[in-house]
Protein chains: 2
Amino acid sequence: MALSHALLALLIDEPRSGYDLARRFEGSIGSFWKATHQQIYRELGQMEQKGYLDSETVVQEGRPNKKLYRMTEKGRQYLGDWIGTVSEPCVIREDLLVMTFAGALAVPGALAGELQRRRELHRTELAGYREMEREHYAEPEKLTGPALYGYLALRRGIRYAEEWIAWCDEALAAIAQSEAISAARG
Amino acid sequence: MALSHALLALLIDEPRSGYDLARRFEGSIGSFWKATHQQIYRELGQMEQKGYLDSETVVQEGRPNKKLYRMTEKGRQYLGDWIGTVSEPCVIREDLLVMTFAGALAVPGALAGELQRRRELHRTELAGYREMEREHYAEPEKLTGPALYGYLALRRGIRYAEEWIAWCDEALAAIAQSEAISAARG
DNA sequence: AGCGACATGTAATACGTTACATGATTGG
DNA sequence: CCAATCATGTAACGTATTACATGTCGCT
């Protein structure tokens, strides 16, 4: 149940609602973990039963009430014990790479179009991460404690997006070049 | 059912058995798609029913019989139509990055140890990919057709592994430096 | 009047993982 | 003799996705 660790990690400094947690998975955290609100609400309930969290209902005016979850000492222990445990690289199932692999069967131009779309997607993503880097981590060499670890995770997101963009460029150039060769031949 | 596309992609040039397909997901294909033999056998059965594949049982001496699956014209159509379809980036759930994000709660040294392990893992992976690159793709600039697309997918695996190694190095250096700062302070 | 943000949930279904199950051959 | 490779499958379980469900407020 690895989602539980991800949720606890987001609850380290302050209590949050399920809705709030769901939104955080759409931000920079999304570069290494994704979860929908349905998953989150279910998991939060189970974690509260196990004593990793406790909750408090906050009555709000003009908005629905919300349930704030806070990490318990037991939860902190559970998370701390897990860090450094043997971890496996996550399973990747990347449609676009299956498409690339089978690219020879594609309608001409279809694959290139999708590669371009993907490139743009990661460019947008990267711009967002870069802004977070500028805003929250001005002097990265001096970081210690929680801020450092948040920064390192963000750096992974930045690198991941950059790597995608670079590969898309490489693939698009190679496909264009091979088409030029084929055209010259016949 | 995206697994079906991955299986068809592996069946483009020659018929293969379920066992054979399972092994290919452990090779370079594993950098962008993973599937266990149980999933594969189930999916192959369903795909045959739908007419994307047909099969032939091959009697072998000294070995169990095997069932060779071949892509049908319908299967080829199905795969070709899918390529270039709008695809989403795959969902990532990377334990090691949750650990990094929550690194401040770790037992000292535990996270660094796991980062080092992960680094080695990708170094081994990368060495394997590099060998494939040397053996099968001697002159990448001249590639066309199926060979080009296989090469581009392999390139993604190479880049992915390189990127992991580089990030692990960066993270390890940053953690070491922050510990030095903390030690100097008090 | 309609949309998006806020806020929380249930239910059904699809998908993936783990365990169980079998059995011959080859190499160390 | 033990482990690994070849080869195919079933069953149970856990997790994730998708659809359904409700309701207020503020903005355009």
Side-chain angles (χ1 to χ4, degrees), chain A residues 1-7 10-11 15-27 29-30 32-50 53 55-69 86-95 98, chain B residues 1-7 10-11 15-27 29-30 32-50 53 55-69 86-95 98:
Chain A
M1 240 177 274
L3 173 57
S4 60
H5 300 115
L7 289 170
L10 290 175
L11 291 169
R16 293 175 189 281
S17 67
Y19 186 85
D20 187 12
L21 289 163
R23 269 188 327 162
R24 297 218 72 204
F25 282 116
E26 284 159 21
I29 309 294
F32 59 87
W33 205 276
K34 289 223 171 77
T36 60
H37 81 270
Q38 294 85 347
Q39 259 182 289
I40 293 165
Y41 286 119
R42 197 192 345 176
E43 190 70 31
L44 287 172
Q46 289 170 18
M47 287 168 73
E48 191 174 13
Q49 280 199 337
K50 286 181 188 162
L53 304 176
S55 69
E56 172 198 4
T57 302
V58 178
V59 181
Q60 297 185 118
E61 284 177 52
R63 287 182 182 186
N65 295 345
K66 65 178 172 181
K67 226 166 144 181
L68 281 182
Y69 287 92
V86 173
S87 65
E88 293 302 314
C90 80
V91 171
I92 289 189
R93 293 199 177 88
E94 197 66 71
D95 284 347
V98 176
Chain B
M1 239 177 277
L3 174 56
S4 60
H5 299 116
L7 290 170
L10 290 175
L11 292 169
R16 294 176 188 280
S17 67
Y19 186 85
D20 188 10
L21 290 163
R23 268 188 327 163
R24 298 216 73 204
F25 283 117
E26 284 159 20
I29 310 293
F32 59 88
W33 205 275
K34 289 222 171 75
T36 60
H37 81 269
Q38 294 85 346
Q39 259 182 287
I40 293 165
Y41 286 120
R42 200 193 337 180
E43 191 69 31
L44 286 172
Q46 289 170 18
M47 287 167 74
E48 192 175 14
Q49 280 198 338
K50 286 180 189 163
L53 303 176
S55 70
E56 171 198 5
T57 302
V58 177
V59 180
Q60 298 185 116
E61 283 177 50
R63 288 181 182 189
N65 295 345
K66 65 179 173 181
K67 225 164 146 182
L68 281 183
Y69 287 92
V86 172
S87 65
E88 294 302 313
C90 81
V91 171
I92 289 187
R93 293 198 177 90
E94 196 66 73
D95 283 348
V98 176

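Scope of the values below: all heavy atoms of this structure, side chains included, with no hydrogens, waters or symmetry mates.
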Please report, rounded to the nearest Å, how far the [atom2] atom of [N] is from the [atom1] atom of [X].
X	N	atom1	atom2	result
B:Leu7	C:dG16	CG	P	11 Å
B:Leu44	D:dT10	CG	C1'	16 Å
B:Tyr41	D:dA11	OH	P	17 Å
A:Asp95	C:dC15	CG	P	12 Å
B:Glu48	D:dG9	CD	C1'	14 Å
B:Glu43	C:dA14	CD	P	13 Å
B:Glu56	D:dT8	CD	C1'	17 Å
A:Arg16	C:dT8	CZ	C1'	18 Å

Closer than 4.0 Å, any side-chain N/O of [X] to the OP1 or OP2 of [N]?
X	N	value
B:Tyr19	D:dC6	yes
B:Gln38	C:dG16	no
B:Ser17	D:dT8	yes
B:Gln39	C:dT17	yes
B:Gln60	D:dC6	no
A:Lys34	D:dT17	no

- line: Of C:dG9, D:dC6, D:dA16, the nucleotide closest to the side chain of A:Lys67 is C:dG9
- prompt: When you measure from the side chain of A:Arg16 to the backbone N and O of A:Leu10, does any donor-acceptor pair fall under 3.5 Å?
  reply: yes
query: Do A:Glu56 side-chain atoms and A:Leu68 backbone N/O form a donor-acceptor pair below 3.5 Å?
result: no
task: Report the C-alpha distance between B:Asp95 and A:Trp33 in whole Å, list the side-chain angles of each, state the deciding distance to 0.1 Å, and finish with yes or no for side chain to side chain contact (heavy atoms under 4.5 Å, CB included).
output: CA-CA 8 Å; B:Asp95 283 348; A:Trp33 205 276; 3.4 Å; yes
task: Using the closest heavy atom to pick a nucleotide of DNA chain C for each, name whichever of A:Arg23 or B:Leu3 lands nearer the 5' end.
output: A:Arg23
5' precedence on DNA chain C between A:Arg42 and A:Lys66 (nearest-nucleotide basis): A:Lys66
query: If we only count heavy atoms from C-beta on, is the B:Leu21 to B:Leu11 side-chain gap below 4.5 Å?
result: yes
- prompt: Do A:Leu44 and A:Glu48 come close enough that some side-chain heavy atom pair is under 4.5 Å?
  reply: no
field: Residue closer to the 5' end of DNA chain D, A:Gln46 versus B:His37 (nearest nucleotide)
entry: B:His37
query: When you match B:Tyr69 and A:Trp33 each to their closest nucleotide on DNA chain D, which lands nearer the 5' end?
result: B:Tyr69
message: Need one value for B:Asn65: base, sugar-phosphate or nothing, where a base atom within 4.0 Å counts as base even if backbone is also close, heavy atoms only.
response: sugar-phosphate
